[in-house]
Each structure stands twice: as C-alpha cells, then as structure tokens.
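Right, one structure below, let's go through it.
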Amino acid sequence: MNTHLINNQWHVGLGPAFESINPSNGDGVWHGNGANAEQVDSAVKAARAAQIQWADKPLEERIVILESFAAQLKEHSEEFATIIARETGKPLWETRTEVGAMTGKVAISVKAYHERTGTTENPMPGAKAFIRHKPHGVVAIFGPYNFPGHLPNGHIVPAILAGNTVIFKPSELTPHVAEFTLSLWLKAGLPAGVINLVQGEIETGKALASHKDIDGLFFTGSSNTGHLLHKQFAGNPGKILALEMGGNNPLIVKNVSDVSAAVHDIIQSGFITSGQRCTCARRLFIEKSLNGDAILEKLISATKNIVVDDSFATEQPFMGAMISEKAALGMVTAQNELVSKGAQILVELKQLKPGTGFVSPGIIDVTSITDMPDEEHFGPLVKVYRYTDFDNAIIEANNTSFGLSAGLLADNEDDYTHFLKRIRAGIVNWNRPITGASSAAPFGGIGASGNHRASAYYAADYCAYPVASVESDTVSLPKTLAPGLIIE
Ligand SMILES: NC(=O)C1=CN([C@@H]2O[C@H](COP(=O)(O)OP(=O)(O)OC[C@H]3O[C@@H](n4cnc5c(N)ncnc54)[C@H](O)[C@@H]3O)[C@@H](O)[C@H]2O)C=CC1
Ligand SMILES: O=C(O)CCC(=O)N[C@@H](CCC(=O)O)C(=O)O
C-alpha cells in the first residue's frame, strides 16, 4: 500500500506495520507501515522547500488548485463515500454528506479568507495604511477518525489557501481515507511538497508534533491528546497551536408541546454517527413534569426502534457500527461503571455482534449519582438528569470542564433567552439538534474543548498572521519636526 506522500512521491513506510479494519465485519481495509522519524523529517523538509514558492503563487492560482480538488471530490463522491463508510462503519447516507461537506469547504474557505484575513487598505495623510496577512509557513495537521475526510479537510484547505504547506497525520484508524484524499489532491494538480502525508500510530504522531521545524500544529481529536500537545508546545508561543477537542455536551428539555419533535431532536443530538461526534449530546436534562415524563417515555420507545446496521444495508440504518470493537466495549464498560455508581439503565447499550463495533443506543438515568465523572463518553449513551428547577439545571449543565455544544428544547423564547445568557459553550442551539454545525460559522468550544482557536469559518484566523503597514512612495521630511529636532 502507498502509505506516505512526500514531495508528491508515494513511499512505503519504514516504521511499524499497522492496519485498518471495517468495524462492521472485521474485514481488513488497509495495511501498511507507519512513517518512521526519518520519513517524518523528510516530509517536513519537503513542506519547507515548497512553502515560499507556494505562498508566492498569486492567490487566484492557489484557489484554482483548491477548486480543482473540489471538482475531484464531486467526480469521485460515491467512491469516496464508500471508502469512508467501509473504514468507519458509518452509514453510506451519512458518508455522502461528509464528502459533500468536504466539497463545500473550498468555497466557504475562500469567502472566509477574504472576510477574515486578506488585504484591506485605509487612507491616511501622506501615506497609506494596509492590513495584510501572511502564512505561518509549515504546519502539521492531525485528524480524528470520526470525520476522517471532513475534519482534517477543515484545517488543510484554509491552511494551504493562506499559503502554508502541510504535513498531514491522519488517525491510524482511517489511513485509507487519508490516502484517497491525497490521491484526489494529486489529480487536482497540487504542486509537490504542498501537502505531505505521513501515516502511523502514536510514535509517528509524536515525531511530527515534536519536530523542531514546524511553525504550527492544527489538531482535531480527543481532549486528552490535545492537552498533551498543549503541554508539549508550552514555552513555544511562537508556534501557532489550534486545538479542536471533545465535549461533555448538555441538552436541556423544558416544556415542549410537540413531544415527537423533541424526541427527534434528542435522538439526532445523542445518537447520530453512533454518538461519535464531538458535538453529540452526552447529558440530557429533562424536567420532572408530566411533559418531561411523556418526552422520556417516547424517547425510550423511539430509541429501541433505532435501526442499527451495516453501512451498505439496502434499508439504510440510522446508526452504523462504532469505529472498532474496542470502542464498542468501552461504551459497555462506561455504562457498567455508571450502574455501579447507582445509575439506572432505561435502554441498555449492548454490543450487538462480537468482533464488530455494532452497539445499540443506550439511555441511562444518572440523577441519583452525586459524583458524576466529567468525561466524554464518545458513543451512543445518553445520560439523563431529571430536574425541577431550570436555573439549577443550567448550573449543572455548566458543571463541566468542557464547553463545546449545548442546546435547549423549549417552547418559551424567554427560557431560551435566559439559557443563552447563562450557558457556557461555543455552539448553542434552540429547538434544533446540537449536532450538524454549519461550516459557514465558527466551530469551537471553550474550556477543555479547545484553545480559543475556533475552526470552520474562523479557521482562516489561525492559518495566517496579520501584518500592518504604513506606506509612502517617497521618503520625505515632515513639514513640522518634533520638538528638540534640528535637521538642516
Ligand atoms: N472538537 C472537534 O472538532 C472534534 C473532536 N473530536 C474528538 O476526538 C476524539 C476521537 O478522535 P480520536 O482520533 O480518537 O482522537 P485522538 O486524540 O486519539 O487522535 C487524534 C490524532 O492525534 C494523534 N495522536 C494521538 N495521541 C498523540 C500523541 N500523544 N502525540 C501526537 N499525536 C497523537 C492520533 O494518531 C490522531 O491522528 C473524541 O474525543 C472527540 O470528541 C472528534 C471530532 C471533532
Ligand atoms: O468543521 C466544520 O466545517 C463545521 C463543524 C462540523 O462539521 N461539525 C460536525 C462534526 C462534529 C464533530 O466534530 O464530530 C457537527 O457539528 O456535527
């Protein structure tokens, strides 16, 4: 298998072998060897050698390459969606939307580039004031497994648009998706060295993250890894670090007359992508009321009816397999740990087929637990808190080190106005699911969810630095000199 792309040349890895599997059936999808430290170094050198020429290219020429990539994504969309589904277990209907999001990213990034960075000129007496933006140089980009195409793409596209060159290190769980992505970039006419791909496990990641000659690192992944990287970059304020991490996201439900609609939005928030979205609802606050009881009852029955099946099933499922059997069993363990603390299972999360990532969605009542761990359970398990006082529910919703997404389902707009003022999160929705954020808006969280470098529409902000200039076409003596100055 081609594993690494360095200077637009495919290389076989010289590091440890690894493979990816289809979590729906255990079939091998991709196998290869990771890049060793020398190969990571070669990739960084290739990016450095290409960077000045790439940044010197007129913006319009860089945009042509990006638009050509978008055209390749369109041309190969079904093949790509199939590859993503096979390597992640996600349903084909969903991976088609992921390829669509990748395609749309180019136009959105170009618009954001001009609006968030680009060049502005302001007149001033006897001179001109310019604000321009320049690329950082060579950046490392790390991607997660849950959106192995779309989320790395959300860093790569704005980064190279701004004139940076990239070394991309994808999740070791989705190497085939990464390889296919780069094959499309090559078809799009990407110049050598602009995007370099190094595959591998944690050692490859460490070799890249610690490389002395990177000017920055853009990361999407777990809060644990993000915090490790943040520590690693401590003392290096000159290197730009953008961290998009996880969440322990709350969704509060307060008096919703359309019970079915409320249940729909809760399911879309908690169980889409088999709960493997950083924006998924993890904590569900339901009022202790007849309305709350009705919503919970219908949620339980609808959850039991959620179709879980293979990515390519003729009748498409709502949930496919989780990324691995290890992830699936991790969710069973998390559920059991909550039960041992006193939680009550309302719908049991179960592994559906040994050797696969298939699990059924789970709902668990944790109201009685006083020492709830503030951790992200990255799977289809919704933890229910029954509450009586709305303000106390908001206080408990904020009782987390994270702050990525949050939502309120409520008929009363005053309740939302109050919620919006008090809730601490980077994505806050009303009467909509809290997943499915738009690429045309900033995407990022506070606390342990990020480092104040929101991505998506604001990704342009961390892909370039501002340069303010005052310019005059001649050197001239001012009419009046400052006091104490004599220039004859
Ligand atoms: N905020 C956001 O936009 C998103 C956050 N996530 C989060 O990502 C997690 C799931 O994705 P995963 O791939 O499991 O994340 P992960 O943190 O395990 O891996 C992410 C990337 O970092 C690399 N990596 C892992 N440990 C490293 C180390 N010590 N040094 C250098 N590189 C290292 C991995 O190889 C991979 O390329 C969840 O916690 C989820 O919440 C996922 C998607 C989006
Ligand atoms: O990054 C973007 O272009 C928009 C943000 C986005 O696509 N969010 C998705 C994925 C969530 C995740 O990161 O797992 C969402 O909000 O569902």
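From a predicted model like this one, the values you see are computed outputs, not experimental measurements. Whatever order the structure lists ligands and atoms in, that order sets their numbers, starting from 1.
- Closer than 4.0 Å to atom 29 (N) of ligand 1 lies at least one heavy atom of the protein.
- Less than 6.0 angstrom separates the ring centroid of Phe218 from the ring centroid of Tyr462.
- Within the structure, the closest approach of Phe147 to ligand 1 does not fall below 4.0 Å when heavy atoms are considered.
- Nearest protein heavy-atom contact of atom 9 (C) of ligand 1 is Ser222 N, 3.4 Å.
- Atoms of ligand 1 found under 4.0 Å from any heavy atom of Phe219, numbered from 1 in the order shown, are 17 (O), 20 (C), 21 (C), 22 (O).
- Comparing Thr225, Asn249, Leu243 against atom 27 (C) of ligand 1, the shortest heavy-atom distance belongs to Thr225.
- Nearest protein neighbour of atom 16 (O) of ligand 2, counting heavy atoms only, is Ala437 N, 2.9 Å.
- When atom types are taken as modelled, the side chain of Thr220 and the backbone of Pro152 share no donor-acceptor pair closer than 3.5 angstrom.
- Polar contact with ligand 1: absent for Phe378 (N/O pair, distance under 3.5 Å).
- With ligand atoms numbered from 1 in the order given, ligand 1 contributes 20 (C), 21 (C), 36 (C), 37 (O) to contacts under 4.0 Å with heavy atoms of Gly143.
- Residue Glu376 touches ligand 1 through its side chain alone, judged by heavy-atom distances below 4.0 Å.
- At a heavy-atom cutoff of 4.0 Å, ligand 2 is contacted by no atom of Ile272, backbone or side chain.
- When heavy-atom distances to ligand 2 are checked against a 4.0 Å cut-off, Asn146 comes that close only through its side chain, counted from C-beta outward.
- In terms of protein heavy atoms, atom 2 (C) of ligand 1 is closest to Cys278 SG, 3.2 Å.
- Against a heavy-atom cut-off of under 4.0 Å, Pro144 is close to the following atoms of ligand 1: 11 (O), 13 (O), 42 (C), 43 (C).
- Remark: Lys111 fails to qualify as a cation-pi partner of Tyr457 under the 6.0 Å distance and 45° angle criteria applied to the six-membered ring.
- Between Phe378 and Tyr145, the ring planes lie perpendicular to each other; the angle is over 60°, past the 30° to 60° tilted range.
- Considering only non-hydrogen protein atoms, atom 15 (C) of ligand 2 sits nearest to Gly436 N, 3.2 Å.
- Near Leu228, meaning under 4.0 Å from one of its heavy atoms, ligand 1 places the atoms 29 (N).
- Proximity of Phe142 to ligand 1, defined as any heavy-atom pair under 4.0 Å, is confined to the side chain (atoms from C-beta onward).
- Protein heavy atom in closest approach to atom 7 (O) of ligand 2: His150 NE2, 2.7 Å.
- Residue Lys169 has at least one nitrogen or oxygen atom sitting less than 3.5 Å from a nitrogen or oxygen atom of ligand 1, judged on distance alone.
- The protein heavy atom nearest to atom 12 (C) of ligand 2 is Cys278 SG, 3.0 Å.
- Note on ligand 2: Lys105 sits in its first shell, one or more heavy atoms being nearer than 4.0 Å.
- Only side-chain heavy atoms of Leu151 come within less than 4.0 Å of ligand 1; its backbone N, CA, C and O stay farther off.
- Counting only heavy atoms of the protein, atom 10 (C) of ligand 2 lies nearest to Phe147 CE1, 3.6 Å.
- With a 4.0 Å cut-off on non-hydrogen atoms, Pro170 touches ligand 1 through its backbone and not its side chain.
- Any N or O atom pair closer than 3.5 Å counts here, and Gly247 shares no such pair with ligand 1.
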